[in-house]
Amino acid sequence: MKIIEGFVLRPLGDEFIITGEGPAQVNFNKMISLNSTAAYLWRSVEGREFSVEDLTALLLEEYDVDEATASKDALAIVNKWIEIGLVEE
Amino acid sequence: MKTTRISIPNEIMLGSVRDLIKEGHSVVIMTKGLSMLPFIEGKKDSVLLVKPEDLKRGDIALAEVAPDKYVLHRVLEVNDGKVILKGDGNYRGQEICPLKKVAGKVKEVQHMDGSATDPQSPMQMRRWQRWMGIPAIVRRYYLAFYRRIKRITP
């Protein structure tokens, strides 16, 4: 799967937001906020093909969690991204 | 999809807005406050902001009038590298800031029903000029009445 083109992750204070950007327009009324873990995953897979296993590996690399938890979290986040239309399979 | 309204401190969000406009983006933000009534209603109207090129009297501008303090107000005068601004709904009080502190100007006011108005159109400029021609005290009472019938709260 892949992040759909046109979505851009930006830091905003202590948070991260994703804005859908047309040719030049940024709409602050339509943005999605990400926590720092989700933002880390987003940055790591931006612009390339990735799988749930890739996200699991990224979580294991960065956080002190067991594989089962990482895999469950990775799947949850992918499902969320697909549901809100940020990622295409 | 679940939508939540998140409120970000003005100085952080508007700092980002300023940077994005500088990079050449146009930016849509939701407005706050009552100071631009009756032309912009906070929490209901959004504005499309673009680079503040050729800023002139009658434009609506987003300006940093003190460190981290932004206003979205009407430009009354641009002179000698300085800008004087005032909220249409404020019967007294003006802001003065250097021209380079103007982050953007409003190209479009977007209303909740999906319609939009161009504040620079001749019709909107005439509306504003008529509004400014009304004595301040009358404007003040009119707005108090307007807020009451439209149930507008800060």
Side-chain angles (χ1 to χ4, degrees), chain A residues 1-47 50-52 55 59 72-89, chain B residues 1-33 40-53 60 62 64 67-70 72 103-116 118:
Chain A
M1 66 195 90
K2 206 167 181 240
I3 290 168
I4 295 169
E5 236 172 89
F7 290 111
V8 179
L9 177 76
R10 299 177 173 279
L12 188 64
D14 299 331
E15 312 213 15
F16 294 91
I17 53 154
I18 291 173
T19 50
E21 297 186 7
Q25 193 179 109
V26 183
N27 193 332
F28 273 76
N29 292 342
K30 293 177 186 163
M31 59 186 194
I32 294 152
S33 67
L34 293 189
N35 62 22
S36 56
T37 309
Y40 155 71
L41 293 176
W42 181 282
R43 281 215 173 107
S44 307
V45 300
E46 212 168 9
F50 66 95
S51 63
V52 177
L55 297 190
L59 287 175
K72 200 179 89 198
D73 290 352
L75 186 64
I77 212 156
V78 159
N79 282 338
K80 182 92 195 164
W81 285 356
I82 292 171
E83 183 200 328
I84 57 183
L86 297 175
V87 162
E88 59 191 352
E89 287 181 89
Chain B
M1 180 182 153
K2 196 178 79 176
T3 311
T4 322
R5 180 182 288 255
I6 59 169
S7 212
I8 298 152
N10 257 357
E11 66 276 14
I12 292 172
M13 181 174 121
L14 297 176
S16 294
V17 169
R18 177 196 58 209
D19 295 344
L20 284 164
I21 293 171
K22 231 180 238 171
E23 285 169 26
H25 294 279
S26 53
V27 179
V28 177
I29 55 168
M30 177 57 78
T31 59
K32 284 182 189 170
I40 297 176
E41 191 175 327
K43 290 193 271 186
K44 287 197 178 153
D45 294 332
S46 296
V47 288
L48 171 68
L49 292 158
V50 296
K51 269 191 185 166
E53 283 160 352
I60 302 170
L62 176 71
E64 190 179 8
D68 289 337
K69 185 178 183 286
Y70 289 84
L72 184 80
K105 75 171 174 183
V106 175
K107 195 170 174 231
E108 197 174 87
V109 180
Q110 300 176 347
H111 309 290
M112 279 187 99
D113 61 4
S115 66
D118 171 4

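Chain letters run A, B, ... following the sequence lines, proteins first and then strands; every chain starts at 1. Since this is a predicted model, take the numbers as computed values, not measurements.
For the side chain to side chain contact (heavy atoms under 4.5 Å, CB included) with F28(A), the lone residue among L49(B), L20(B), V28(B), L14(B) that qualifies is L20(B).
Residues satisfying the side-chain contact (heavy atoms from CB on, under 4.5 Å) criterion with K69(B), sequence neighbours excluded, are V65(B), A66(B), V71(B). In this structure D73(A) satisfies the side-chain contact (heavy atoms from CB on, under 4.5 Å) test together with L59(A), T69(A), sequence neighbours excluded.
Here the closest heavy-atom approach between residue M13(B) and residue L12(A) is recorded as CA-CD1, 4.1 Å.
Of the inter-residue distances, the one linking M30(B) atom CE with N27(A) atom CG reads 9.5 Å to the nearest 0.5 angstrom.
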